[in-house]
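Here is the naming used below: chain letters follow the sequence lines, and residue numbers restart at 1 for every chain.
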Amino acid sequence: GAVVSQHPSWVICKSGTSVKIECRSLDFQATTMFWYRQFPKQSLMLMATSNEGSKATYEQGVEKDKFLINHASLTLSTLTVTSAHPEDSSFYICSARDVGPRRADTQYFGPGTRLTVL
Amino acid sequence: AQSVTQPDIHITVSEGASLELRCNYSYGATPYLFWYVQSPGQGLQLLLKYFSGDTLVQGIKGFEAEFKRSQSSFNLRKPSVHWSDAAEYFCAVGATGGGNKLTFGTGTQLKVEL
């Protein structure tokens with residue numbers, strides 16, 4: 001249980017194009033999902049908190065117009081990197097919050113998406 | 001603001017030896033504490049968590065951690081390390097459970113020598 005998937009697992013795109021990354025909670029409903037960015041050999045940096053049915057909350061310094069987040073259902077959140085540039089190349093990881101009684105308010109992480117912008 | 005310190009960037013242990021990874025946190029109230037493990041190119045897997053109650057918590061893969069309020073620590077331990085334990089380990093603190101924002105430490109890279 002408590003499985004979170006991401007799609008795609010890796011993507012290569014040209015500079016200026018947009019890329020959409022999906023995050024799904026497979027066996028639980030997640031009213032809240034989180035998007036993180038991880039640079040090589042570094043820790044995770046929280047980008048935004050995605051709440052089902054409402055606007056995402058972005059961390060300071062994260063461009064909301066560049067990183068569009070949609071949380072349209074209780075099992076799906078998407079991150080769209082718009083007009084991607086090489087500096088957006090990174091490892092993007094999502095997590096989903098399970099507030100069910102068995103999980104006791106824990107975040108479960110997806111496997112990550114490696115984005116490379118040429 | 002909450003913060004997490006993992007003072008050891010790299011640790012190397014021999015297979016079969018015991019392991020302790022250090023984690024110190026800063027938080028004004030009772031923290032919610034987590035340990036995650038990340039293999040190369042993968043997401044994070046939850047090893048264990050502390051919310052309340054018994055300060056010694058058991059996790060998966062034979063790991064345990066002890067919450068020590070007086071030392072603001074939540075160190076991860078394993079009595080006998082396996083080669084497959086080689087990975088990056090992250091300690092994290094949450095304000096009111098894992099559902100709120102997590103603050104991660106910088107991670108400890110574990111290498112296991114055969």
*For chain B, which of A:Glu59, A:Met45, A:Gln6, A:Gln42 has the most heavy-atom pairs under 4.5 Å?*
A:Glu59
Which heavy-atom pair separates [X] from [Y] by the least distance, and what is that distance?
| X | Y | value |
| --- | --- | --- |
| A:Gln38 | B:Phe90 | NE2-CZ, 3.6 Å |
| A:Tyr108 | B:Lys49 | OH-NZ, 4.2 Å |
| A:Phe91 | B:Gln38 | CE2-NE2, 3.9 Å |

Answer yes or no: are there more than 12 heavy-atom neighbours, outside [X] itself, under 6.0 Å from its atom [atom1]?
| X | atom1 | value |
| --- | --- | --- |
| A:His7 | NE2 | no |
| A:Lys66 | NZ | yes |
| B:Ile60 | CD1 | yes |

_Any side-chain to backbone donor/acceptor pair from A:Ser43 onto B:Gly105? Under 3.5 Å, distance only._
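It does hold such a pair.
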Are the side chains of [Y] and [X] in contact, using a 4.5 Å heavy-atom criterion?
| X | Y | result |
| --- | --- | --- |
| B:Thr103 | A:Leu46 | no |
| B:Tyr36 | A:Gln107 | yes |
| A:Thr106 | B:Tyr32 | no |

[X] and [Y]: same hydrophobic cluster, using ILVMFWY side-chain contacts below 4.5 Å?
| X | Y | answer |
| --- | --- | --- |
| B:Leu47 | B:Leu19 | yes |
| A:Tyr36 | A:Val4 | yes |
| B:Phe51 | B:Leu102 | yes |
| B:Leu110 | B:Phe74 | yes |

*B:Leu46 versus chain A, heavy atoms under 4.5 Å apart: side chain, backbone, both or neither?*
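Just the side chain, heavy atoms under 4.5 Å.
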